[in-house]
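See below for the structure under consideration.
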Amino acid sequence: MLANIRESKAKPIGNFSAKMGESPCWDTSCNSLYWVDIDGKKIFLYNPQKNICKEYLFDNEVECVVPRSKGGVMLTIGRSVVLFDFSTKKLKILGSVEPSKKNNRFNDGKCDPAGRFWAGTIHRKELPKAGSLYCIDTDYSIRKMIEGVTVSNGLTWSKDKKTFYFIDSPTYSVVAYEYNVETGNIRNKRKVIEINPVLGIPDGMTIDSEGMLWIAMFGGGKVSRWDPAKGKSLGFIEIPGAMQVTSCCFGGSDMKDLYITTASAGLTNTQLQNQPYAGLLFKARIGIAGLPLWQFTG
Ligand code: CA
């Protein structure tokens, strides 16, 4: 158990400047971190052991990236789900959603314990309830899982594979559903965490081996740890010099490195002066290991 994480600070690492850093995910098969810069239309690859840093630039916004067990990564680009091969740099569209909703795009995404890929949509101007959360199955069929979402963001599953946690940012809450790993179906929505808006807007989310949720607080300059069974905050990691904290994931050989993405988009020149690290990648050493992320198995 962490004695007290309130004093912990994350440090910026590398020089990976992003306008809208998002969707960090650790690939245990190659000990590398992937994340995206949505506005910068790129994905990053970082292997800290080998000190490999790569950027892959695209023609369009890339909203999220997840590892794929058969090689390469899955991305969302606009309203499409895409397979990307690092070696050939080829893109293959596997499916699309919301053909008539031209102002919608995908946002955060992650894989479930059965290797399905889940990703949600938002309206570019965040029109209330205009988005949905989708599940892309391993045969590439796409199901709508939740309707009426405004800003589809953090998502994660419990270690026992029985609970799905989800954040629609403007609700300032985390909701939980009973999750069926065999079918992927979710049911019985309930609110498990309510977040005071002074802490920031809840954005990306991950889970540790004790079942506690780590939530990036956009505008709050921190990542906070929560107990979903009690709805209680357990402390936070401060992100110095970057208030727009977008998401986080565990990585490293012992899964105790918390990687954190941030954004510089939308800040005024004055705000940027006060937030010199906005858009950088951060890392904090944590006393608790995170749960490894599931990979897409399709
Ligand atoms: Ca996000």
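Both ligands and their constituent atoms are indexed starting at 1 by order of listing.
Among the atoms of D108, none of the N, O or S atoms falls under 3.0 Å from the Ca ion (ligand 1). At a threshold of 3.0 Å, the Ca ion (ligand 1) has a backbone or side-chain N, O or S atom of N153 nearer than that distance.
Residue D203 approaches the Ca ion (ligand 1) most closely through its N/O/S atom OD1. Nearest to the Ca ion (ligand 1), among the N, O or S atoms that E22 has, is OE2.
The aromatic rings of F84 and F86 sit perpendicular to each other, their planes meeting at more than 60°, with 30° as the lower class boundary.
At least one test fails for K189 against the ring of Y177: distance under 6.0 Å to the centre or angle within 45° of the axis.
Residue D203 is tested with N153, N107, T246 for a side-chain hydrogen bond (donor to acceptor under 3.5 Å, both in side chains); the sole match is N153.
Contact annotation: the side chain of Y46 approaches that of F16 to within less than 4.5 Å [non-hydrogen atoms, C-beta and beyond].
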